Amino acid sequence: MIDLRSDTLTKPTPEMHAAMMAAEVGDDMFGEDPTVAALEKKAANMFGMEAALYCASGTMTNQIGIRLHTTLQDEVICHKYSHIYLYESGGIMSNSGVSVRLLEGDQGRITAKDVKAAIQPDDIHSPVSRMVSLENTMNKGGGSCYDFNEILAIKKVCTENGLAFHLDGARLFNALVAKNQKAEDYGRTFDTISICLSKGLGAPVGSLLLGSADKIKRAKRVRKVMGGAWRQAGYIAAAGLYALENNIDRLAEDHKNAQIIADTLQGLDYVEEIYPCETNILIFRISERYTNESFLAKLKEHGVLAFGFGPQLIRFVTHYDFTPDHLTDLLQILKKL
Ligand SMILES: *Cc1c(COP(=O)(O)O)cnc(C)c1O
């Protein structure tokens with residue numbers, strides 16, 4: 001099977017697996033797991049931030065981030081396609097008791113101008129605008145990336161209006177590689193950043209929340225109440241460390257593969273539109289010749305798995321386990337449909 005459903009499907013390579021088996025571990029709830037500590041330290045240093053917290057998932061790191069910045073009756077400003085809003089099971093409401101102000105924007109990106117216009121007046125009828133959350137790369141925007149100057153402009157609006165600034169960076173490393181940007185620039189700009197080790201980086205589990213020492217100290221308490229404090233997590237943290245040390249630069253291969261697939265789709269009569277392909281996510285619109293179901297079934301007959309991502313929209317995600325042979329086969333299959 002050629003599995004393009006997600007970059008979360010990768011299995012540890014023998015080298016990553018060996019690193020996991022060799023991990024030194026301890027009880028992390030006692031602060032005694034040296035591998036978890038090393039992972040948190042490495043990630044914080046990469047971004048020039050004071051501290052990091054290793055968590056089970058990106059949903060958890062996002063939800064903790066939102067909780068740290070808000071209190072009941074506050075509001076989070078974000079794009080209407082944000083993962084924090086669409087795909088975290090209503091957690092903004094149930095974990096933090098806050099509402100959302102959803103913005104429109106090109107390929108899932110919001111602008112400083114729209115953020116400024118969305119800030120609520122200081123009036124008892126309105127929720128309190130308290131934070132802005134960006135997503136980079138933007139999953140539902142087809143792996144689109146922010147221009148860093150726009151991020152700085154949004155930061156300025158946040159600073160002027162006392163808003164916290166959170167980044168859902170589940171695939172931030174894809175953006176850094178694709179746009180040749182620096183992790184420290186992000187660390188300087190955001191109050192909290194969530195990064196995932198289990199997407200393109202290829203680790204089996206885990207995400208990190210980055211922030212100030214004070215914020216991360218509070219984050220530990222929130223993680224605990226969510227049932228997310230762990231014991232000998234060093235075994236999986238070792239995979240995350242391995243991923244940060246070895247798997248970042250190779251994301252460029254995933255981007256190249258996605259671009260090659262996009263170029264092939266471009267000439268095919270059943271493809272009506274292809275979203276701009278900047279990283280490892282490729283979204284395209286199929287013609288009425290197929291429904292999502294019939295198209296996905298046809299792909300499956302040929303040994304290809306993918307997801308529907310809206311009406312007549314199909315998503316492919318390239319990753320670590322997508323080999324050059326897979327690419328050759330896939331291009332042949334796509335041309336035959
Ligand atoms: C995958 C993802 C997350 C986190 O998801 P988990 O499955 O909880 O790890 C967060 N944001 C985006 C944009 C994602 O793609």
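Keep in mind that this is a model prediction, so the values were computed, not measured. Just so you know, ligand 1 is whichever comes first in the structure, and atom 1 is the first atom listed for that ligand. The figures here come from the full heavy-atom set of this structure, side chains too, leaving out hydrogens, waters and symmetry mates.
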One residue to check: [X]. Relative to ligand 1, which of side chain, backbone, both or neither has a non-hydrogen atom less than 4.0 Å away?
{"X": "R171", "result": "side chain"}
{"X": "I84", "result": "neither"}
{"X": "S57", "result": "both"}

Establish, from distance only, whether the side-chain atoms of R171 and N136 form a donor-acceptor pair under 3.5 Å.
->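 Not at all, the side chains of R171 and N136 share no donor-acceptor pair under 3.5 Å.
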Anything under 30° is parallel, anything over 60° is perpendicular, the rest tilted; go ahead and classify F295 against Y270.
->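 If you compare the ring of F295 with that of Y270, the planes turn out tilted.
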What orientation do Y186 and F190 show, parallel under 30°, tilted 30 to 60°, or perpendicular over 60°?
-> parallel
How many angstroms lie between atom [atom1] of [X] and atom [atom2] of [Y], to the nearest 0.5 angstrom?
{"X": "N62", "Y": "S194", "atom1": "CG", "atom2": "OG", "answer": "4.0 Å"}
{"X": "D7", "Y": "N139", "atom1": "CG", "atom2": "CG", "answer": "8.5 Å"}
{"X": "L244", "Y": "L208", "atom1": "CG", "atom2": "CG", "answer": "7.0 Å"}

Please determine if T137 has a nitrogen or oxygen closer than 3.5 Å to a nitrogen or oxygen of ligand 1.
-> no
Under 4.0 Å from any heavy atom of D168, which atoms of ligand 1 are there?
->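 Those atoms are 10 (C), 11 (N), 12 (C), 13 (C).
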Interfacing atoms of ligand 1 (cut-off 4.0 Å, heavy-atom, T59) |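 Near T59, the atoms of ligand 1 are 4 (C), 5 (O), 6 (P), 8 (O).
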Provide, to 0.1 Å, the distance between [atom] and the closest protein heavy atom, together with that atom's residue and name.
{"atom": "atom 13 (C) of ligand 1", "result": "E135 OE2, 3.1 Å"}
{"atom": "atom 2 (C) of ligand 1", "result": "K199 NZ, 2.2 Å"}
{"atom": "atom 9 (O) of ligand 1", "result": "G58 N, 2.8 Å"}

Please lay out, stage by stage, how R109 and E278 fare under the test salt bridge (Lys or Arg N to Asp or Glu O under 4.0 Å).
-> CA-CA 13 Å; R109 291 167 297 216; E278 297 185 69; 3.3 Å; yes
